[in-house]
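The structure appears below as structure tokens.
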Amino acid sequence: MTSMRVLSGSANPLLASTVAELLDVGPADCLIDRFPDGEVRPIVDHVCGNDVYVVQPTPPPVGDHLVELLLLLDACRRARAARVTAVVPYFGYARQDRRTRSGQALGVRVAADAIANAGAERLVVVDPHTPTMEAVCSMPVETLTAVPLLSSRISPARSEFTVVVAPDLGAAKLAEQYAAAIPDSVALVRKFRESGTAVTAVEVLGDIDGRQAVVVDDMISTGATIEAAVRLLHHHASDIVVAATHGPLTLDATTRLRDIGVRRVVVTDTVAHHDPAAPIEVCSIAPLLADAIARLHSDQPLREPLTHT
């Protein structure tokens, strides 16, 4: 069988090294060099004839990490890797999956096409923001979910008095997945977005009075949506827990989370977290990625993701 290599970009090297350890394979030799003006120049070694998995999420600065991923993929292709898979746990352009007005770009399609053209034969993502990820990609996409992992982490606090809350309509399907993992009812917060960093929660649809609210979303970026939902829920819920797959935590998101008074905020390590003062718990998706990579390498089917239709 072709040898496997796990190659890491600079976005989350700890996650990549943990995946490599779980798979009992040595990480591929990779040097991320930079010119004085910041231009990145990755150099890879010992991947010729290998099945290579490039682990590189694209958190902020999204453009820099995406370009680095593209160059890593191209370097592997030119080094004659037998097969190259892009493992992008957090796909930074997944929110741009449709045009809401004339003159906009379809960012997710542009980024996915660039990854395919750079040399990736397959893409692995975790809980992408768009449910149509594979439909807009020209290469096969393997979609993994962190819902079972996060559900098991927060389950000790859950009971028949728990309700899963979607902080907006876009998170409704995700909330149903959490509710299916450990049976709970679902509520929805209706919101109004004033700007990219300002959100107003209008009302809660569902019975949450006196119950524990588990607010779930695919990502926490500025924290505005979570903040608005939590401030509204404080008037009804007995306790509030927040869970999200991705935590890029841009701008003043850490301050928002610290100030809204939730008991727990749980995210995964799809995005590296460098602020020890951030009020979050981090659980690793390395076992999830390692299992998927092992199955892809041996041409076995992946575990069925948790879905709710």
For residues 110-118, which side-chain N or O atoms pair as donor and acceptor with protein atoms under 3.5 Å away, sequence neighbours left out?
unit_1	atom_1	unit_2	atom_2	d
D113	OD1	R109	NE	3.1
D113	OD2	R109	NE	3.0
N117	ND2	D113	O	3.1

Cluster partners of L14, using ILVMFWY side-chain heavy atoms under 4.5 angstrom, listed by chain and number? none
Pairs meeting criterion salt bridge (Lys or Arg N to Asp or Glu O under 4.0 Å) with involvement of residues 278-287, two or more places apart: R153-E281, R264-E281
Taking D217 for its side chain and A171 for its backbone only, find out whether a donor-acceptor pair lies under 3.5 Å. no
Applying side chain to side chain donor-acceptor pair (under 3.5 Å) as the test, list every pair that has at least one member in residues 123-133; sequence neighbours left out. D97-T130, D127-T145, D127-T245, H129-D218, T130-T132
Looking at residues at least two apart in the chain, or sitting in another chain, which of them share a side-chain hydrogen bond (donor to acceptor under 3.5 Å, both in side chains) with E142? R122
Test item: L123 and F91 side chains (from C-beta on) under 4.5 Å apart, heavy atoms: yes
Partner residues of D37 under the side-chain hydrogen bond (donor to acceptor under 3.5 Å, both in side chains) criterion, sequence neighbours left out: none
Excluding sequence neighbours, so at least two apart, what forms ring-ring contact (aromatic ring centres under 6.0 Å, His included) with Y53? none
Is any side-chain heavy atom of V214 less than 4.5 Å from a side-chain heavy atom of Y178? no
By side-chain hydrogen bond (donor to acceptor under 3.5 Å, both in side chains), which residues pair with E121, not counting sequence neighbours? none
Near R95 CZ, under 6.0 Å, is it more than 12 heavy atoms from other residues, nucleotides or ligands? no
Pair listing, salt bridge (Lys or Arg N to Asp or Glu O under 4.0 Å) test, anchored in residues 200-210, at least two apart: R190-E203
By the definition side-chain contact (heavy atoms from CB on, under 4.5 Å), identify the one residue from V55, V52, V54 that meets it with L72. V54
Excluding sequence neighbours, so at least two apart, what forms side chain to side chain contact (heavy atoms under 4.5 Å, CB included) with D259? T255
Under the salt bridge (Lys or Arg N to Asp or Glu O under 4.0 Å) rule, what pairs show up with a residue in residues 62-72, not counting sequence neighbours? R34-E68
Report the residues that fulfil side-chain hydrogen bond (donor to acceptor under 3.5 Å, both in side chains) with H273, sequence neighbours left out, ordered by chain and then residue number. none
